[in-house]
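The figures that follow rest on heavy atoms only: side chains count, while hydrogens, waters and symmetry mates do not.
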Amino acid sequence: EALHRGYRPAIIGSGDTHLPGLGNPMAAHCFRGRFNKALNIRDTGFGSGPIAAVWAERCERGAIWRAIEERRTYASTGARIILDVAVNGHPAGCKVDLEGNVDVAIHAHACAHIERIDLIRNDRCLRSWFPGELDVDLAFKDEGPLREGAYYVRLRQVDGEYAWSTPVWVMAQSGDEVPDDDLPMW
């Protein structure tokens, strides 16, 4: 919905228990864990739950804030997944004006084998991979880009953990104006 309205959100993960004990392991017990009574053991430890990840040049306050302001973020449901997505060399969070094809690069390092990776353009799944590995380097060339498109990735591990990238917003001068309704909704 936000993408259809023209917003350019950054993606982060965080809890929503609204309790005063940050990282409190009892918060998971109060709400029976994530996903309605399917308590994950990790949910009961300090520092558990969803994660907001930031791609900063350095581990310094100024660099981290710059990365947040530039939307260089991604989210995970709690697993320490590394997810890096770029379009024509521009990192997630960027707005890019392009001529021609859209080249998407995906690098991921997971904590459990990767069950599925979906590349999404706006609200349609462009491509899915089923690697079954911990480390993945993928490339995809969108030879029929839309005039305006938000490209992002959803990763699922075999243990049910997820990661989502912040989109790269692409303005393709030679892109189609009409969305491709043949592609599946993600």
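- Within the 3.5 Å criterion, the main-chain N or O of H113 finds no donor-acceptor partner in the side chain of E133.
- Between G100 and P145, the closest heavy-atom pair is O-CG, 3.7 Å.
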Evaluation steps, side-chain contact (heavy atoms from CB on, under 4.5 Å), between N101 and D142:
CA-CA 6 Å; N101 296 332; D142 187 359; over 6 Å; no
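- Atoms OH and CG, from Y152 and L126 in turn, are 10.5 Å apart once rounded to the nearest 0.5 Å.
- Between Y74 and D84, the side chains place no donor N or O within less than 3.5 Å of an acceptor N or O (distance only, hydrogens not considered).
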Derivation of the side-chain contact (heavy atoms from CB on, under 4.5 Å) call for L146 and R121
CA-CA 9 Å; L146 299 178; R121 181 182 64 200; 3.7 Å; yes
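- A donor-acceptor pair under 3.5 Å links the side-chain atoms of R80 to the main chain of G78, judged by distance alone.
- Heavy-atom minimum distance, I81 versus C111: N-SG, 4.1 Å.
- Rounding to the nearest 0.5 Å gives a distance of 11.5 Å between CD1 of I64 and CD of E57.
- In the hydrophobic clustering of this structure, I82 groups with V168; members are Ile, Leu, Val, Met, Phe, Trp, Tyr whose side-chain heavy atoms approach within less than 4.5 Å, directly or through other members.
- For T77 (side chain) and Y162 (main-chain N/O), a donor-acceptor pair under 3.5 Å exists by modelled atom type.
- Atom OH of residue Y151 and atom NE2 of residue H90 lie 13.5 Å apart, to the nearest 0.5 angstrom.
- The two residues I11 and S165 come nearest to each other via the heavy atoms CG1-O, 3.5 Å.
- In this structure, the separation between CD on E161 and CD1 on I51 is 8.5 Å, given to the nearest 0.5 Å.
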Please lay out, stage by stage, how R147 and M171 fare under the test side-chain contact (heavy atoms from CB on, under 4.5 Å).
CA-CA 6 Å; R147 189 166 301 256; M171 306 304 172; over 6 Å; no
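- E115 places none of its side-chain heavy atoms less than 4.5 Å from the side chain of Q157.
- Neither V54 nor V153 shares a network with the other; the hydrophobic side chains, linked directly or stepwise wherever heavy atoms of I, L, V, M, F, W or Y lie under 4.5 Å apart, form separate groups for each.
- Atom CG of residue L119 and atom CD1 of residue I117 lie 10.0 Å apart, to the nearest 0.5 angstrom.
- N122 contributes a side-chain N or O that, together with a main-chain N or O of A150, makes up a donor-acceptor pair within less than 3.5 Å.
- Both L138 and V170 belong to a single network of hydrophobic side chains, linked directly or stepwise wherever heavy atoms of I, L, V, M, F, W or Y lie under 4.5 Å apart.
- Formation of a donor-acceptor pair under 3.5 Å by the N88 side chain with backbone atoms of D103 is found in this model.
- Dense packing is recorded around CZ of R58, with more than 12 heavy atoms of other residues, nucleotides or ligands lying under 6.0 Å away.
- The pair R72-E70 fails the salt-bridge criterion, with no side-chain N (NZ, NE, NH1 or NH2) lying under 4.0 Å from an Asp/Glu carboxylate O.
- There is no path of hydrophobic side-chain contacts, each under 4.5 Å, that joins I120 to I12.
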Test R116 against S128 for side-chain contact (heavy atoms from CB on, under 4.5 Å), laying out the working first.
CA-CA 7 Å; R116 179 181 182 140; S128 295; 3.2 Å; yes
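- When each of I106, D118, V136 is paired with W129, the side chain to side chain contact (heavy atoms under 4.5 Å, CB included) condition holds for I106 and for no other.
- Between R127 atom CZ and F140 atom CZ the span is 7.0 Å, to the nearest 0.5 Å.
- Under the 4.5 Å side-chain contact rule for hydrophobic residues, V85 and V96 share a cluster.
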